[in-house]
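A quick write-up on the structure given underneath.
The model shown is predicted, which means the values in this text are computed figures rather than measured ones. Just so it is clear: chains get the letters A, B, ... in the order the sequence lines come, proteins before strands, and each one is counted from 1.
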Protein chains: 2
Amino acid sequence: MQDQKDLKNAGLKATLPRLKVLSLFENSKERHLSAEDIYKVMLNSGEDVGLATVYRVLTQFEQAGLLVRHHFESGKAVFELNQGGHHDHIVCMKCGRVEEFYDAEIEKRQEAAAAKFGFKMQDHSLTIYGICEKQPCDK
Amino acid sequence: MQDQKDLKNAGLKATLPRLKVLSLFENSKERHLSAEDIYKVMLNSGEDVGLATVYRVLTQFEQAGLLVRHHFESGKAVFELNQGGHHDHIVCMKCGRVEEFYDAEIEKRQEAAAAKFGFKMQDHSLTIYGICEKQPCDK
DNA sequence: GTTGTTGCAAATGATTTGCAGCTGT
DNA sequence: ACAGCTGCAAATCATTTGCAACAAC
């Protein structure tokens, strides 16, 4: 029900595809999803949805501030629910695993670095790339 | 002459397109160039080169360690000469301007964050996005 | 009943690949 | 000569857009 309100609030009609995408983000254990990810899950759930719609909805949600878009080196954009709390990401270049972290000192210093070059920061997000040592590391 | 050696050293024949691309990076005032950038400059210099060759050469140079590839939010990859010295980047989301910086404390802390999640860092590079306040800010 | 939305197909932009011919060594 | 390169055209991948049919309010 809250989702319906969120959508109206953003000036968007509460349509089936949109509600489904929102609930997917709220219920998936993976916080970071790509358009393709979402499209596949919806198809498997029997929805009759088009990939183009998924892209459109994701972009609208981003503009509405419901989602945040990230471009990790993977080549495909991933989205996560915007739950206010700021954090940064560490991404596995091999399997795509994403972890979140926050370090106040880094925040302060990146702001200082930006200021030094006359840059105004948009969001403070920053991404670290590595290889995760977890067992599977594949997808 | 050194370029010829560098190429041989990497197991690559010293061909015209390759030498031209290398010298472009060495002589351009812009350290960060995309495939398209390089292709256009070469065409304007009267070279008879194909865009596919530029892409191939850039990838080979990256694998040989001569160049480093970055995927900033722009959607197109940019490359820079690998001159050993590690540094990070701050990129303007509006005009694409790229500045370089280095902060030992940030390095230390990103390493710590990575370790906490069992990630082994590849290179330590990290990118900050913002809007530069410089006058033109267009391209 | 409008106006906003959707699915589909075709278009786009960046990058890759197949292939016949050309070029360093 | 021979393997390694190259340009060109066609292919691929992620994403966008045009459009007629359709669903919210």
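Rounded to whole angstrom, the span from the CG atom of Leu7(A) across to the P atom of dA23(D) amounts to 19 Å. One can place CE of Met42(B) at 11 Å from C1' of dT6(D), the figure rounded to the nearest angstrom. Distance CG (Leu51(B)) to P (dA14(C)): 10 Å, rounded to an integer number of Å. Glu47(B) places its CD atom 9 Å from the P atom of dG7(D), with the value rounded to the nearest Å. Lys20(A) has its NZ atom 12 Å from the P atom of dG7(C), to the nearest Å. When the P atom of dT6(C) is taken as reference, atom CG of Leu19(A) falls 10 Å away, rounded to whole Å. Atom P of nucleotide dT6(D) and atom CD1 of Ile38(B) are separated by 14 Å, given to the nearest angstrom. Across the protein-nucleic acid pair, Leu43(B) atom CG and dT6(D) atom P stand 15 Å apart, rounded to whole Å.
In this structure, the side chains of Leu58(B) and Arg69(B) stay at 4.5 Å or more apart for every pair of heavy atoms. Taking 4.5 Å as the limit, every side-chain heavy atom of Val21(B) sits out of range of all side-chain heavy atoms of Thr53(B). Using a 4.5 Å cut-off on side-chain heavy atoms (C-beta onward), Asp37(B) and Phe79(B) make no contact.
In this structure Lys13(B) satisfies the side-chain contact (heavy atoms from CB on, under 4.5 Å) test together with Thr15(B), Arg18(B), sequence neighbours excluded.
Cluster membership for Phe119(B) and Val78(A), using ILVMFWY side-chain heavy atoms within less than 4.5 angstrom, is not shared.
Checking dG7(C), dC8(D), dT17(D) against every side-chain atom of Ala52(B), the shortest atom distance belongs to dC8(D). You'll find that the side chain of Lys76(B) is closest to dA14(C), out of dG7(C), dG4(C), dA14(C).
For the segment residues 54-75 of chain B, residues with any heavy atom less than 4.0 angstrom from an atom of DNA chain C are, sorted by number, Tyr55(B), Arg56(B), Gly75(B).
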query = Does the salt bridge (Lys or Arg N to Asp or Glu O under 4.0 Å) test come out yes or no for Lys20(B) and Glu47(B), once each step is laid out?
reply = CA-CA 9 Å; Lys20(B) 190 69 201 281; Glu47(B) 316 281 328; 3.1 Å; yes

For nucleotides 23-25 of chain C, give me every protein contact, N/O to N/O, under 3.5 Å, one pair per line with atom names.
from, atom 1, to, atom 2, distance (Å)
dT25(C), OP1, Lys8(B), NZ, 3.2

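Using modelled atom types and a 3.5 Å distance limit, the side chains of Gln110(B) and His124(B) yield no donor-acceptor pair.
Between the side chain of Asn82(A) and the main chain of Val68(A), no donor-acceptor pair closer than 3.5 Å is present.
Relative ring orientation between His70(A) and Phe72(A) is described as parallel, the plane-to-plane angle staying below 30° on a 0-90° scale split at 30° and 60°.
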